[in-house]
K.L.:
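Handing you a structure now.
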Amino acid sequence: AQSVTQPDIHITVSEGASLELRCNYSYGATPYLFWYVQSPGQGLQLLLKYFSGDTLVQGIKGFEAEFKRSQSSFNLRKPSVHWSDAAEYFCAVGAKRDDKIIFGKGTRLHILP
Amino acid sequence: DARVTQTPRHKVTEMGQEVTMRCQPILGHNTVFWYRQTMMQGLELLAYFRNRAPLDDSGMPKDRFSAEMPDATLATLKIQPSEPRDSAVYFCASGTVGTQYFGPGTRLLVL
């Protein structure tokens, strides 16, 4: 069965600092991987996804993520965070395209001015 | 800009009452998902459909929850009877080419 672990429940960074949010997955084959962001009171918005090919994936809002099969990881990065990036971030894994995906518990990002 | 719409956005009801939540998926999307989000459990998949046919509802309490797609423009999630533990935010998402687009959610409070 697929599973996703986001080890950090909360992360606090200063505005302008770099960011890395961790995600580890468990799945036997090549997974479909996603990062979503949820602002307070909103639905989830897709930041980026990995299906195959280049293991470094670029997304919206300046985010990128790197798929590392050897580490079963799909960490999200941003070189310089903005106050508007404060939100909850969810990593998710799926077995097939257009099939159900399993979400991690989320990491809440706080930004210090 | 096509979006998933959900109604109602907020619902307060008393224990034992029926609750119906509606979702209008994005036109042309062939998969529809229902999720429940709580602080304790996070995001849980309740059920999903492809081309209006139910594929998996194993995440749903069968005795009280039901999900249907009467047509391609409407998905419904019903709870009967509702219980306080059903209080949560319920999201609908529609999907195509491997991407799910989420609605704004229905915030349900069962007293």
Side-chain angles (χ1 to χ4, degrees), chain A residues 1-10 21 23-25 27 29-53 57-60 63 65 67 74 87-108, chain B residues 1-7 9-10 21 23-26 28-60 67 88-109:
Chain A
Q2 308 144 49
S3 67
V4 180
T5 301
Q6 294 181 247
D8 303 304
I9 299 175
H10 295 271
L21 301 182
C23 172
N24 292 98
Y25 68 89
Y27 182 60
T30 299
Y32 293 88
L33 295 162
F34 308 82
W35 275 99
Y36 281 82
V37 61
Q38 184 180 28
S39 298
Q42 306 286 318
L44 280 71
Q45 181 184 22
L46 180 70
L47 284 176
L48 48 79
K49 61 188 177 186
Y50 171 78
F51 287 172
S52 64
V57 181
Q58 301 298 319
I60 62 171
F63 286 92
F67 170 55
F74 189 56
E88 189 150 22
Y89 292 79
F90 293 90
C91 182
V93 62
K96 301 178 196 174
R97 197 159 147 148
D98 285 334
D99 202 3
K100 65 180 180 181
I101 60 177
I102 306 301
F103 284 86
K105 296 293 188 186
T107 297
R108 185 166 294 278
Chain B
D1 189 19
R3 297 187 182 191
V4 175
T5 58
Q6 290 185 247
T7 57
R9 292 293 311 277
H10 302 270
M21 291 170 269
C23 167
Q24 183 173 12
I26 295 172
H29 286 191
N30 66 341
T31 51
V32 174
F33 303 82
W34 282 106
Y35 293 91
R36 176 171 62 186
Q37 186 177 38
T38 60
M39 290 291 292
M40 294 299 296
Q41 300 298 327
L43 265 168
E44 303 172 280
L45 178 67
L46 297 175
Y48 74 108
F49 298 78
R50 181 172 297 129
N51 297 323
R52 295 177 55 203
L55 285 189
D56 186 349
D57 62 0
S58 59
M60 218 160 55
V89 182
Y90 291 82
F91 288 104
C92 173
S94 69
T96 186
V97 292
T99 300
Q100 293 185 26
Y101 296 83
F102 280 73
T106 294
R107 186 173 295 273
L108 174 64
L109 177 60

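Here is the naming used below: chain letters follow the sequence lines, and residue numbers restart at 1 for every chain.
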K.L.:
Against chain B, label A:L46 side chain, backbone, both or neither, depending on which of its atoms sit under 4.5 Å from a heavy atom there.
P.N.:
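Side chain only.
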K.L.:
Return the option, out of B:Q41, B:R9, B:Q37, with the maximum number of heavy-atom pairs under 4.5 Å with chain A.
P.N.:
B:Q37
K.L.:
So for B:Q100, is it side chain, backbone, both, or neither that comes closer than 4.5 Å to the heavy atoms of chain A?
P.N.:
both
K.L.:
How long is the straight-line distance from OH of A:Y36 back to NZ of A:K49, given to the nearest 0.5 Å?
P.N.:
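Spacing of NZ (A:K49) from OH (A:Y36) equals 8.0 Å.
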K.L.:
Who passes salt bridge (Lys or Arg N to Asp or Glu O under 4.0 Å) against B:R3, sequence neighbours left out?
P.N.:
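Salt bridge (Lys or Arg N to Asp or Glu O under 4.0 Å) list for B:R3, sorted by chain: B:D1.
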K.L.:
Would you please classify the geometry between the B:F102 ring and the B:F91 ring as parallel, tilted or perpendicular, with 30° and 60° separating the classes?
P.N.:
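Answer is perpendicular, since the angle exceeds 60°.
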K.L.:
On a heavy-atom basis, which atom in B:V4 and which in B:Y101 lie closest, and how many Å separate them?
P.N.:
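Shortest heavy-atom contact: CG2-O, 3.3 Å.
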K.L.:
Could you tell me which portion of B:M39 (side chain, backbone, both or neither) has an atom closer than 4.5 angstrom to a non-hydrogen atom of chain A?
P.N.:
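Neither part.
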K.L.:
Given that the side chain runs from C-beta out, which part of A:Q38 has a heavy atom under 4.5 Å from chain B: side chain, backbone, both or neither?
P.N.:
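A:Q38 touches chain B through side-chain heavy atoms alone.
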K.L.:
Is it the backbone or the side chain of A:I101 that comes under 4.5 Å from a heavy atom of chain B, or both, or neither?
P.N.:
both
K.L.:
According to side chain to side chain donor-acceptor pair (under 3.5 Å), who are the partners of B:Q6, at least two apart in sequence or on a separate chain?
P.N.:
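Not a single residue meets the side chain to side chain donor-acceptor pair (under 3.5 Å) criterion with B:Q6.
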